[in-house]
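Notes follow the structure.
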Amino acid sequence: MLVLGIETSCDETGVALYHSEKGLLAHTLFSQVALHAEYGGVVPELASRDHIRKLLPLIDQVLEQAACTKQDIEAVAYTQGPGLIGALLVGACTGRALAMGLGVPAIGVHHMEGHLLAPQLEARPPEYPFVALLVSGGHTQLIEVKALGEYILLGESLDDAAGEAFDKAAKMLDLDYPGGPRLAAMAEQGTAGRFKFPRPMCDRPGLDFSFSGLKTFTLNTVTQHALPDGLPDEQTCADIAYAFQEAVADTLVIKCRRALEQCGMKRLVIAGGVSANVHLRQKLESALGKMKAQVFYARHEFCTDNGAMIAYAGCQRLRAGQRAALAVNVKPRWPMTELAGLTQSGVQA
Ligand code: KG4
Ligand code: ZN
């Protein structure tokens, strides 16, 4: 089955063609970073309008890359939620209409399930069951994945998501949007041990997270060391970036270890934008190596938003007989635990 995947939940227009037997045939992405940079964050209306401009040309582009025509498409998968409502509507309306025009089925995909399944596109995919750490701009969740579609929420952030905390800390250091990768790059010049930031909620049992205290701690440290122009010197900024990244990574590692022990599992999948963080990957690999557990993640470009993960996730659900209704129904908020398992075929709500 050849599935066209469409991702438009936030500020990247992602399109891909995934074939159930041949694998990923083509994928392309347009990032709106430059469009939103001058505002310091995503402007929803600008995002929707740009998805409208880019989506059809990108679909033509993947078809050309894969040497296919529209008539070869056997199903369409689009992100149904969670995300920005206007942005979601662009992908959902286009995907649903395209499927109807071609007379093929469509499926609405949960964006975070897409992230969670992205490592399945790699050469060494994780077997089920496993524990997943989803760390993106909007979510920080630990999930017990019993099988595809069977998710138990083990813990989540009570306030900011890890990616959001990275972005806010980056802003305090006057780094441009999107701050996460920029802060990570700055941290490479940082001195280990100069600052020690707290590891929030690690001294009590449970698998929830909280990053807002760490944010305040970062702001206080920046303010205490600020020069008259409002920012600390360059080395101090790098040292703060290092301490912040170290604290987030340590906190995530502690909770991942705890989740694996609680579930009696030896496989951890990390997914979502923050799973691109090299420092976090290294720390997890070293900590989990000691408990003879393995870490799985997607290649860098499939950690952040992309169309390939939507095509893959959609393909699995379509093959199980699940279908989107004709009415377009996007879900800006959508808990992943509400998803149907793969054994339930039929028309989506
Ligand atoms: O999954 P994603 O592309 O979009 C959402 O679904 O939210 O994640 C974006 C988030 C942003 O907060 C971004 O700053 C963060 O992931 N991010 C990173 C890195 N790359 C992206 N955070 C830390 N280190 C990185 N290398
Ligand atoms: Zn995402």
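Values in this document were obtained by computation on a predicted structure and should not be read as measured data. The figures that follow rest on heavy atoms only: side chains count, while hydrogens, waters and symmetry mates do not. In listed order, ligands and their atoms are each counted from 1.
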(request) Output yes when Glu144 and Lys146 qualify as a salt bridge under the 4.0 Å nitrogen-oxygen rule, no when they do not. (result) yes

(request) For Gly138, counting its heavy atoms only, list the atoms of ligand 1 lying under 4.0 Å from any of them. (result) 7 (O)

(message) With no hydrogens and no angle check, just 3.5 Å: does a side-chain donor-acceptor pair link Arg194 and Thr236?
(response) yes

(request) Determine, for Glu164 against Lys215, whether the closest basic-nitrogen to carboxylate-oxygen distance falls under 4.0 angstrom. (result) no

(request) Determine, for Asp208 against Lys255, whether the closest basic-nitrogen to carboxylate-oxygen distance falls under 4.0 angstrom. (result) no

(message) Need the ligand 1 atom indices (1-based, order shown) with element for anything under 4.0 Å from a heavy-atom of Gly137.
(response) 5 (C), 7 (O), 8 (O), 9 (C), 10 (C), 12 (O)

(message) Give me the residue, atom name and distance of the protein heavy atom closest to atom 22 (N) of ligand 1.
(response) Gly180 CA, 3.6 Å

(request) Examine Ile254 and Phe209 and state if one hydrophobic cluster contains both, with Ile, Leu, Val, Met, Phe, Trp and Tyr joined whenever side-chain heavy atoms are less than 4.5 Å apart. (result) no

(message) Tell me whether Pro178 reaches ligand 1 (any heavy atom closer than 4.0 angstrom to a ligand atom).
(response) no

(message) With heavy-atom distances below 4.0 Å as the criterion, list the atoms of ligand 1 near Thr304.
(response) 3 (O)

(request) Kindly confirm or rule out an N or O of Asp167 lying under 3.5 angstrom from an N or O of ligand 1. (result) yes

(request) Would you mind running through ligand 1 and noting each atom that sits below 4.0 Å from a heavy atom of Gly163? (result) 12 (O)

(request) Just need the protein heavy atom nearest to atom 21 (C) of ligand 1, so name the residue and atom and give the distance. (result) Gly273 O, 3.4 Å

(request) Compute the minimum heavy-atom distance from Pro181 to ligand 1 and say whether it is under 4.0 Å. (result) yes

(request) Measure the distance from atom 24 (N) of ligand 1 to every protein heavy atom, then report the residue, atom name and distance (to 0.1 Å) of the closest one. (result) Asn277 ND2, 3.0 Å

(request) Would you mind checking if Lys196 and Glu246 are paired as a salt bridge, meaning a charged N to carboxylate O distance below 4.0 Å? (result) no

(message) Return all protein N, O or S atoms below 2.8 Å from the Zn ion (ligand 2), chain by chain in residue order.
(response) His111 NE2, His115 NE2, Asp305 OD1

(message) Can you report which non-hydrogen protein atom sits closest to atom 6 (O) of ligand 1, along with the distance?
(response) His111 NE2, 3.1 Å

(message) Taking the cut-offs as 6.0 angstrom to the six-membered ring centre and 45 degrees off its axis, would you call Arg281 and Tyr297 a cation-pi pair?
(response) yes

(message) So, regarding Gly179 and ligand 1 (criterion: nitrogen or oxygen to nitrogen or oxygen, under 3.5 Å), is there a contact or not?
(response) no

(request) Report the hydrophobic cluster partners of Phe302, with the cluster defined as I, L, V, M, F, W, Y residues connected by side-chain heavy atoms closer than 4.5 angstrom, directly or transitively. (result) Tyr18, Leu24, Met112, Leu116, Leu117, Leu121, Tyr128, Phe130, Leu134, Ile143, Val145, Leu148, Tyr151, Leu153, Val269, Phe296, Tyr312, Trp334, Met336, Leu339, Leu342

(message) I need the Gln245 CD to Asn277 CG distance, nearest 0.5 Å.
(response) 4.5 Å

(message) Less than 4.0 angstrom from a charged side-chain N to a carboxylate O is my criterion; do Asp50 and Lys54 meet it?
(response) yes

(message) Suppose we measure from atom 4 (O) of ligand 1 to each protein heavy atom; which comes out shortest, and what is that distance?
(response) Asp305 OD1, 3.2 Å

